[in-house]
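The next block holds one structure in the form of structure tokens; read it before the comments.
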Amino acid sequence: MAIIGIPAGWPADEGAALDVQRRLRGRLVLGEDGPPAGEGRVTGLDVAYDDERDLVAAAAVVLDARTLEVVEEATAVGRVSFPYVPGLLAFREIPTVLAALDGLAADPGLLVCDGYGIAHPRGFGLASHLGVLTGRPAIGVAKKPFTATGAEPGPRRGDSAPLLADGEEVGRALRTRTGVKPVYVSAGHRVSLATALAHTLALTPRYRVPETTRRADSLCRRALAEALAAG
DNA sequence: GCGACAG
DNA sequence: ATCTTGTCGC
């Protein structure tokens with residue numbers, strides 16, 4: 001499989017990335033409810049890195065939202081396109097993730113990203129960025145808190161507490177399993193927070209992290225290992 | 001100015 | 001993200 005190069009004109013430094021982020025932010029759509037949970041399709045996206053060889057492997061796994069069975073999978077391997085800078089994660093992952101999405105024949109439905117949507121320092125995290133570039137509904141489900149503030153949610157599955165930025169609710173800390181650490185859910189593009197929360201609960205019948213993310217995580221690790229073995 | 005900070 | 005030792009539980 002060919003290695004995805006860094007796209008022409010891709011931001012080369014933080015200043016350029018911030019400019020792109022600010023421009024794309026103007027195309028964000030937040031007024032839609034988005035696709036209802038439990039029907040249609042949901043697609044999990046994740047990446048794995050090999051810093052030594054400057055490689056990133058991405059996976060896109062399409063699930064039937066009702067049964068959570070795999071409909072289709074695709075992977076891509078690319079060159080790392082940006083250093084890790086908190087708040088600019090999208091610039092590191094997006095070229096290879098888009099290549100994986102391009103490899104799908106099925107309609108991906110809702111995009112479920114490993115990271116934040118609008119609960120981001122400038123309101124435009126990975127899920128929002130990917131949503132705008134693809135035009136598709138997208139949500140972010142992160143495993144760790146970022147810059148938004150919030151209280152601890154209650155102890156039971158389904159309990160949640162607002163994530164606040166400048167007094168506005170930009171997401172929720174959501175307990176997906178009773179007695180287990182919460183995940184951090186935010187709308188990305190063309191979805192409401194309520195829809196994002198409903199999807200996250202529908203995708204976590206058994207584990208803390210959504211089934212989409214778990215499937216994509218294991219697939220991109222496999223893809224990276226195969227790329228390294230192939231040379 | 002300093003610390004904190006998705007993956 | 002990635003690395004890494006040991007431990008607990010189904």
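Hydrogens, waters and symmetry mates are skipped; everything else that's a heavy atom, side chains included, is used.
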Show the nearest heavy-atom pair for residues A/Tyr116 and A/Lys144, with the distance to one decimal.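 Heavy atoms only, the tightest pair is OH-O, 2.7 Å.
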Please name the pair of heavy atoms, one in A/Ala74 and one in A/Leu219, separated by the smallest distance, quoted to 0.1 Å.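 What the structure gives for the nearest pair is O-CD2, 4.1 Å.
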Heavy-atom count around A/Glu32 CD within 6.0 Å, excluding the residue itself: above 12?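 More than 12 within 6.0 Å, yes.
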Under 4.0 Å between any heavy atoms, over every strand shown, what does A/Ala48 touch: base, sugar-phosphate, or nothing? Just pick one.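 Contact class for A/Ala48: sugar-phosphate only.
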Taking only heavy atoms on the protein side, list every residue of residues 178-213 of chain A lying under 4.0 Å from any atom of DNA chain B, sorted numerically.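 Contacts with DNA chain B under 4.0 Å: none.
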If a pair means Watson-Crick or G-U wobble with both distances below 3.5 Å, what does DNA chain B look like in dot-bracket form, with | marking bases paired to a different strand? .......
Could you pull out all residues at least two apart from [X] that satisfy side-chain hydrogen bond (donor to acceptor under 3.5 Å, both in side chains)?
X	answer
A/Arg66	none
A/Arg122	A/Gln21
A/Glu72	none
A/Thr75	none

In B/S/- notation, 5' to 3', how is nucleotides 1-7 of chain B contacted by protein heavy atoms closer than 4.0 Å? ----BBB
In B/S/- notation (B base, S sugar-phosphate only, - none; protein heavy atoms under 4.0 Å), nucleotides 3-10 of chain C written 5' to 3' is --------
Is a salt bridge present between A/Arg215 and A/Glu69, judged by a nitrogen-to-oxygen distance below 4.0 Å?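 Result for this pair is no, no salt bridge flagged.
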Residues clustering with A/Leu224 (ILVMFWY side chains joined when closer than 4.5 Å, directly or via others):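 Same cluster as A/Leu224: A/Ile3, A/Leu55, A/Val77, A/Leu228.
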Listed partners of A/Phe82 passing ring pair (Phe, Tyr, Trp, His ring centres under 6.0 Å), at least two apart: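 Expected list: A/Phe91.
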Applying ring pair (Phe, Tyr, Trp, His ring centres under 6.0 Å), can you list everything that pairs with A/Tyr184, at least two apart in sequence or on another chain?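 Ring pair (Phe, Tyr, Trp, His ring centres under 6.0 Å) check on A/Tyr184 returns nothing, list empty.
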Taking Watson-Crick and G-U wobble pairs with both distances under 3.5 Å, convert DNA chain C into its dot-bracket string, 5' to 3', dots for unpaired and | for cross-strand pairs. ..........
In Å, rounded to the nearest 0.5 Å, how long is the span from CZ of A/Arg177 to CZ of A/Arg206?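 Answer for the CZ-CZ pair, A/Arg177 versus A/Arg206, is 8.5 Å.
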Report yes if the side chains of A/Leu63 and A/Thr43 come closer than 4.5 Å at any heavy-atom pair, otherwise no.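 When only atoms from C-beta onward are counted, A/Thr43 and A/Leu63 do not touch, as no gap falls below 4.5 Å.
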A/Arg92 and side-chain contact (heavy atoms from CB on, under 4.5 Å): which partner among A/Val56, A/Val80, A/Val47?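 Of the listed residues A/Val56, A/Val80, A/Val47, the side-chain contact (heavy atoms from CB on, under 4.5 Å) partner of A/Arg92 is A/Val80.
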For the residue pair A/Glu93 / A/Tyr49, report whether a side-chain donor-acceptor contact shorter than 3.5 Å exists.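 A donor-acceptor contact under 3.5 Å links the two side chains.
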